[in-house]
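Written out below as structure tokens is the structure these notes cover.
Throughout, residue positions are numbered sequentially from 1 according to the sequence presented.
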Amino acid sequence: MVPLVTNGLDREMKRLLAAMTLTSVFFGCGGKPAEKPLAKTESPASPATTAIAQNPTLAGQRSAAELIVAADQFIAQLDLNNAVLALNEAIEVDPRNSEAYIKRSAVFAEAKLFTRAANDMGIAIQLDPKSAKLRNTRGYFHLLRKDYDLAEADFNAAIDLNPQYPQALNNRGLVFIAIDKQVQAANDFKRAIELKPDYIDAYNNLGYISVEMELYDEAVASLTKAVELDSSYVNALTNRGRAYVKLKNYDAAIQDFTVAIKLQPDNMQYYAHRSEAYQASGQDALALADYQYIGWFQKLKGYNAQIANTPQDAAVWVARGRHLMIEKEFEAAHSSFDKALQAQPAFAEAYVGKAAIHTLLKEYDLVIEQCTKAITIKALPEAYSLRADAYFETHQLDQAITDYKAAKRIDSQVVKAYETRSAEYQKAGNVELANLDQAEAQVIKQSISQIGQVDQGEQLKPRAMQIQQVNHEETVTQ
């Protein structure tokens, strides 16, 4: 089951909180956030506000209104620490200035200090007890803290103060979902839509709860309306995809999940849902491809974490570049190899990685250049092998065969190199050299045949039981 995505709540609250401050406020969903100090920023303060930061005593010489303007400037610079200092001073100057409390509450919310945000909003409510908007906002903070009783009480109060308040109804519906009151939640979302017929988030939330109530046709209708209002609304798309799966309309589900993936390609949950839809529709190969991509992405995250801890480890950069090549992320892979060389300029494996990209892109002159750089540092077999292939493709057969020998390669490509050069010798009338190359080609063919027989024999032997470990950190929560 898809966990409730609070985007339906966030969109409205972002607008509300943006009106309280000069910048949009963004929130995540999930568990109760830890209370932490405000992060310092390096944004330069404007001349109008630097004085407070350098000499807080100057604040006493300003009015609360001037200090709030200064706080707004700090907020615009994302300097939350100084914004709070200015608002603290404004409150000291005028303890009954509700605007200062409201703005400080919004700043605390930006820093995910929701308890402090709720406390400040509580003071603002005491100063303006008839404001439904303030009650709704504090209810939002309580909801993010998963304090559902307090959240419901605030939303109830907001609705009592303004029965025509669609946002408060939508938010109370989310509380009802959290406490498993599905019918009440659906009723609140429907009422919100009646009051605001273009309320995208309420349509999405109604669609979500309809899926949970197994009312799949109703869910599709609500979610389709949300998508019609905003074609990039990923929550509605994925919720509708889930409904389509339940209705066994797999093609429509796959289409919705595919659009969601295009909009948010780093969200592995969408790949997991699409994989399930592919599997349910009998498209096992595509289902497996999505599942494997999830594993690939999780492994990439592992490399990124390693790099964050040891950014000067050239080997990890190369491993990341190789991994990116699996999904043909050539530009990003090339950048990883360059980072490896920045960390360790004489790291031959990075040059080989770049050569491997150029091989796939059929840029053979660059393959030769990069492999030559690698070989001057370390005689890596792969460097010789890649350069040999590039020499063959550019019809430099002598160099190719020399590199194949250095790489100790025995395969059909090497046979082809000898046979091609033999044909050229034959055409030039050099029968002796032509025969030597043909003989060498036959020896390699025999070796390949013998290797194949050994491999086949190994496959016929009884195999020991294989137990595959599961890395639970790389699984996707359903």
Name each donor-acceptor pair under 3.5 Å that joins a side chain in residues 406-413 to protein atoms two or more places apart or in another chain, with its distance.
{"residue": "Arg409", "atom": "NE", "partner": "Asp411", "partner atom": "OD2", "Å": "2.9"}
{"residue": "Arg409", "atom": "NH1", "partner": "Ser385", "partner atom": "OG", "Å": "2.7"}
{"residue": "Arg409", "atom": "NH1", "partner": "Asp389", "partner atom": "OD1", "Å": "3.1"}
{"residue": "Arg409", "atom": "NH1", "partner": "Asp389", "partner atom": "OD2", "Å": "3.1"}
{"residue": "Arg409", "atom": "NH2", "partner": "Asp411", "partner atom": "OD1", "Å": "3.4"}
{"residue": "Arg409", "atom": "NH2", "partner": "Asp411", "partner atom": "OD2", "Å": "3.1"}
{"residue": "Asp411", "atom": "OD1", "partner": "Gln413", "partner atom": "N", "Å": "3.0"}
{"residue": "Asp411", "atom": "OD1", "partner": "Val414", "partner atom": "N", "Å": "3.0"}
{"residue": "Gln413", "atom": "NE2", "partner": "Tyr404", "partner atom": "OH", "Å": "3.3"}

Just so I know, are the side chains of Tyr233 and Asp201 near enough to count as touching, which here means a heavy-atom distance under 4.5 Å? yes
Glu424/His395 under side chain to side chain donor-acceptor pair (under 3.5 Å): CA gap, chis, key distance, verdict: CA-CA 11 Å; Glu424 291 195 353; His395 211 70; 2.3 Å; yes
Taking only residues two or more places apart in sequence or in another chain, which ones pass ring-ring contact (aromatic ring centres under 6.0 Å, His included) with Tyr303? His323
Positive for salt bridge (charged side-chain N to carboxylate O under 4.0 Å, His left out) with Arg322, one of Glu329, Glu382, Glu327: Glu382
So CD of Gln370 and CD1 of Ile375: to nearest 0.5 Å the spacing works out to 11.5 Å
Is there a donor-acceptor pair under 3.5 Å between the side chain of Thr310 and the backbone N or O of Ile307? no
Closest non-hydrogen atom pair, Thr238 against Phe257: O-CE2, 3.5 Å
Contacts table for residues 342-353: side-chain donor-acceptor under 3.5 angstrom, sequence neighbours left out:
{"residue": "Glu349", "atom": "OE2", "partner": "Lys378", "partner atom": "NZ", "Å": "2.8"}

What are the two closest heavy atoms between Val220 and Ala243, and how far apart are they? CG2-CB, 3.8 Å
Is the terminal nitrogen or CZ of Arg116 (NZ for Lys, CZ for Arg) located under 6.0 angstrom from the six-membered ring centre of Phe108 and within 45° of that ring's axis? yes
Listed by chain and number, what are the ring-ring contact (aromatic ring centres under 6.0 Å, His included) partners of Tyr271, not counting sequence neighbours? Tyr293
Residues pairing under salt bridge (charged side-chain N to carboxylate O under 4.0 Å, His left out) where one sits in residues 335-347, two or more places apart or in two chains, turn out to be Asp338-Lys354
Minimal heavy-atom distance between Ser422 and Ala434, with the atoms involved, is OG-O, 2.8 Å
Mind checking whether Lys405 and Tyr384 have side chains closer than 4.5 Å, heavy atoms only? no
Side-chain donor-acceptor pair present, Asn204, Asn239, cut-off under 3.5 Å: yes
Given side-chain contact (heavy atoms from CB on, under 4.5 Å), test Lys445 with Glu419 step by step and report yes or no. CA-CA 11 Å; Lys445 285 181 180 179; Glu419 289 181 339; 2.9 Å; yes
Asp154 and Asn136 side chains, donor-acceptor separation under 3.5 Å: no
Quick test of your reading: applying salt bridge (charged side-chain N to carboxylate O under 4.0 Å, His left out), list the pairs with at least one residue in residues 244-267, sequence neighbours left out, ordered by first then second residue. Arg240-Asp256
Is any side-chain heavy atom of Ser105 closer than 4.5 Å to one of Phe141? yes
What is the distance from atom CD of Glu440 to atom CD of Gln438, rounded to the nearest 0.5 Å? 11.0 Å
Got a salt bridge between Asp120 and Lys103, using NZ or NE/NH1/NH2 to carboxylate O under 4.0 Å? no
Would a 4.5 Å heavy-atom cut-off, applied to side chains only, mark Ile209 and Ile177 as touching? yes
Count the heavy atoms belonging to other residues, nucleotides or ligands that lie under 6.0 Å from CD of Gln283, then report whether that count exceeds 12. yes
